[in-house]
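Below is one structure; the comments refer to it alone.
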Amino acid sequence: MGDSKPFLTDVQTLRKRARQHIERGAVTEGYPAHRETIVRVLNDALATEIVCVLRYRRHHFMASGINAQSVAQEFLQHATEEQMHADQIAARIVQLGGEPDFSPEGLLSRSHAEYVEGDSLVDMIKEDLVAERVAIDSYREIIAYVANDDPTTRRMLEGILAMEEEHADDLVSLLEELQA
Ligand SMILES: [Fe+2]
Ligand SMILES: [Fe+2]
C-alpha cells in the first residue's frame, strides 16, 4: 500500500479497540462522536411516532362511529405500523446506550407531526396526510444527517420512510375515493 492512507483499519487496531469498553456493547470506539445527537434525533422521531399512533387511533374509533369501516380499518392499520416504528426506534436508542423518552410531558413539542382530531372523515384523512408528509421530510433529513456514520440506524430509518410514503399514498387514494 506504500505511503497511501489505508482504506481499512488494520486488524490489530480493530481487535484492540473491540476489547476497550466492552460494556458499551454495539457502540464501539469507531462509532461517531455525535452519538448523543443521534439519540436525541431518534427520540424526536419516537415522539413523532407516538403522536401518530394516538392520532390514528382516535381517527380509527371516530370513523368506526360514523360507519366508515374501510377507512376505519386503514386508520387502525396505520396506527399499528406507527407503533411498530416507535418500538424499532426505542430499541435502537437503547442499543446505542441511550434512553427512549416515553414521557407524555412535552410529547407534542418533541414530535414533528401534530395531533389534529379533525371534524369529518375527509378532515381526518387530510390531517393524517399532512402528518405523513411531515414525517417523510423529517426522516429524509435524519437519514441524510446519519449518512454513513451509522448504517444500521440509517437502514432502519429508510425502512420506516418507505412505509410513511406508502401511508401517504394510501391516504391520497382514500381521499380520491371519498371525493369522487
Ligand atoms: Fe411511522
Ligand atoms: Fe405513517
Side-chain angles (χ1 to χ4, degrees), residues 37-66 68-96 98-147 149-179:
T37 310
I38 293 181
V39 166
R40 186 172 47 73
V41 166
L42 287 179
N43 260 318
D44 292 345
L46 175 61
T48 304
E49 295 293 349
I50 297 170
V51 166
C52 288
V53 171
L54 296 173
R55 196 193 56 254
Y56 273 126
R57 291 193 84 79
R58 151 91 186 192
H59 290 178
H60 164 69
F61 286 107
M62 289 305 285
S64 302
I66 51 180
Q69 292 316 317
S70 63
V71 180
Q73 270 317 108
E74 195 72 46
F75 287 158
L76 182 60
Q77 199 201 322
H78 287 198
T80 306
E81 286 164 350
E82 309 302 11
Q83 183 65 61
M84 277 169 34
H85 297 162
D87 292 346
Q88 279 178 281
I89 294 167
R92 184 61 184 158
I93 289 171
V94 172
Q95 212 169 31
L96 291 176
E99 293 181 15
D101 191 349
F102 280 94
S103 171
E105 197 155 42
L107 181 66
L108 208 45
S109 54
R110 293 195 304 277
S111 165
H112 301 126
E114 293 173 286
Y115 178 91
V116 182
E117 294 179 341
D119 292 329
S120 66
L121 205 52
V122 169
D123 272 359
M124 291 182 223
I125 298 171
K126 280 184 178 164
E127 286 304 331
D128 291 329
L129 181 53
V130 169
E132 293 291 353
R133 288 166 59 82
V134 169
I136 287 167
D137 267 347
S138 70
Y139 278 122
R140 202 183 287 121
E141 272 185 37
I142 299 170
I143 289 165
Y145 174 76
V146 171
D149 288 343
D150 181 344
T152 307
T153 297
R154 196 191 60 221
R155 214 164 45 243
M156 174 190 76
L157 296 171
E158 284 170 348
I160 295 176
L161 171 61
M163 198 170 280
E164 310 305 6
E165 289 174 351
E166 277 176 39
H167 288 170
D169 246 14
D170 294 343
L171 294 166
V172 168
S173 305
L174 286 179
L175 264 188
E176 282 168 359
E177 282 168 35
L178 281 175
Q179 290 175 331

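Source: prediction; values computed, not measured. Whatever order the structure lists them in is the order used to number ligands and atoms, beginning at 1.
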Exercise. Taking both backbone and side-chain atoms into account, decide whether E132 has an N/O/S atom under 2.8 Å from the Fe ion (ligand 2).
Key: yes

Quiz item: Has E164 got an N, O or S atom lying less than 2.8 Å from the Fe ion (ligand 2)?
Solution: yes

Quiz item: Can you tell me if an N/O/S atom from C52 lies under 2.8 Å from the Fe ion (ligand 1)?
Solution: no

Quiz item: Side chains of D128 and H59: is there a donor and an acceptor less than 3.5 Å apart?
Solution: yes

Exercise. For the Fe ion (ligand 2), find the closest N/O/S atom belonging to E82 and write down its atom name.
Key: OE2

Practice problem: Restricting to N/O/S, name the atom of H167 that gets closest to the Fe ion (ligand 2). | Solution: ND1

Quiz item: How close do N43 and E99 get, heavy atom to heavy atom, and via which atoms?
Solution: ND2-O, 3.1 Å

Quiz item: For the Fe ion (ligand 1), which N, O or S atom of H85 is at the shortest distance?
Solution: ND1

Quiz item: Is a side-chain N or O of R154 found less than 3.5 angstrom from the main chain of I143, in a donor-acceptor match?
Solution: no

Practice problem: May I ask you to decide whether D123 forms a salt bridge with K126, counting only side-chain N to carboxylate O separations under 4.0 Å? | Solution: no

Practice problem: Go through the steps to decide whether H85 and Q88 satisfy the test side-chain hydrogen bond (donor to acceptor under 3.5 Å, both in side chains), and finish with yes or no. | Solution: CA-CA 5 Å; H85 297 162; Q88 279 178 281; 4.7 Å; no

